Amino acid sequence: MLDVFGLTNRQVFAETHYYDGKSPYYNSCASSAVTKDKVWIDSVSYVELKYSTTCKTAWAKVTLTRPAIYNNELDARIVRSTDGKAFTCSSTGGNGVVNIGQTSCYTPMVYDLDPRKAQAQGKHLIANSDASIIATTIWY
């Protein structure tokens, strides 16, 4: 089964960890966040792979350099390497896709302690089209 990012969803075999699916603001995980990678999607949007050094978790954040001009303009996805567990901004624990007037969204977290790695993916929907531009960060 393909998801909106065009990747196979393997969550049936996913690991279960305490922080999986929780907001980055849960237990103040975001307060120890560092950006492991930042990739421009296009000239007005970028995706970041965020990592909590305290909670050992990762999440994706996408940002527009201007307010969104239509609903569902931007979305992010975090994926864990070991089991394919993935969340988007719309998942419980995220703050929803970027809609008119907004500039960013973030996904829930995945536990990311070695040997696990995570990758952030950002998607910018092209106005008046079914097409989108997708960018991906490194695995960390």
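All values below were derived from every heavy atom in this structure, side-chain atoms included, with hydrogens, water molecules and symmetry-related copies excluded. Since the structure is predicted, the reported quantities are computational estimates derived from the model, not experimental observations.
Within 6.0 Å of OH in Tyr70 there are more than 12 heavy atoms belonging to other residues, nucleotides or ligands.
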Apply side-chain contact (heavy atoms from CB on, under 4.5 Å) to residues Ile41 and Leu74 and explain how you reach the verdict.
CA-CA 10 Å; Ile41 301 168; Leu74 209 60; 4.3 Å; yes

Leu113/Tyr19 under side-chain contact (heavy atoms from CB on, under 4.5 Å): CA gap, chis, key distance, verdict:
CA-CA 11 Å; Leu113 186 61; Tyr19 284 113; over 6 Å; no

Could you check Tyr51 against Asp112 for side-chain contact (heavy atoms from CB on, under 4.5 Å), going step by step and ending with a plain yes or no?
CA-CA 8 Å; Tyr51 179 78; Asp112 193 33; 3.6 Å; yes

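Going from atom NZ of Lys38 over to atom OG1 of Thr63 covers 8.0 Å, rounded to the nearest 0.5 Å. In this structure, the separation between CG on Asn99 and CD on Glu73 is 9.5 Å, given to the nearest 0.5 Å.
A single hydrophobic cluster is not seen to contain both Tyr46 and Val34; linkage of ILVMFWY side chains at heavy-atom distances under 4.5 Å, directly or through other members, places them apart. Under a hydrophobic-cluster definition in which Ile, Leu, Val, Met, Phe, Trp and Tyr are linked whenever side-chain heavy atoms come within less than 4.5 Å, directly or via other members, Val62 and Val44 are assigned to the same cluster. With hydrophobic clusters built from ILVMFWY side chains whose heavy atoms lie under 4.5 angstrom apart, Val47 shares a cluster with Ile126.
In this structure, Cys89 and Thr107 approach most closely via the heavy-atom pair N-CG2, 3.7 Å. What you find for Arg80 and Glu15 is that their closest heavy atoms are NH2-O, 3.5 Å. Heavy atoms only, all atoms of each residue included: Ser81 and Arg116 are closest at OG-C, 4.0 Å. In terms of heavy atoms, Trp40 sits closest to Ser45 at CE3-O, 3.3 Å.
Counting only N and O atoms by type, the side chains of Tyr26 and Tyr18 include a donor and acceptor under 3.5 Å apart.
A side-chain contact (heavy atoms from CB on, under 4.5 Å) with Cys105 holds for exactly one of Thr88, Val98, Leu64; it is Val98.
With sequence neighbours excluded, the residues that form a salt bridge (Lys or Arg N to Asp or Glu O under 4.0 Å) with Lys50 are Glu48. Partners of Ser31 according to the side chain to side chain donor-acceptor pair (under 3.5 Å) rule, which considers only residues two or more places apart in sequence or in another chain, do not exist here.
With a 4.5 Å cut-off on side-chain heavy atoms, Gln121 and Val79 count as touching. A heavy-atom distance below 4.5 Å is not found between the side chains of Tyr111 and Thr82.
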Can you give me every donor-acceptor pair (side chain of residues 52-60, partner residue at least two apart or in another chain, under 3.5 Å) with its distance?
from, atom 1, to, atom 2, distance (Å)
Ser52, OG, Cys29, O, 3.1
Ser52, OG, Ser32, OG, 2.8
Ser52, OG, Thr54, N, 3.4
Ser52, OG, Cys55, N, 2.9
Thr53, OG1, Ser32, O, 3.3
Thr54, OG1, Ser32, OG, 3.1
Lys56, NZ, Thr53, O, 2.5

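Counting only distance, with no hydrogens or angles, the side chain of Asn95 and the backbone of Tyr106 share a donor-acceptor pair below 3.5 Å.
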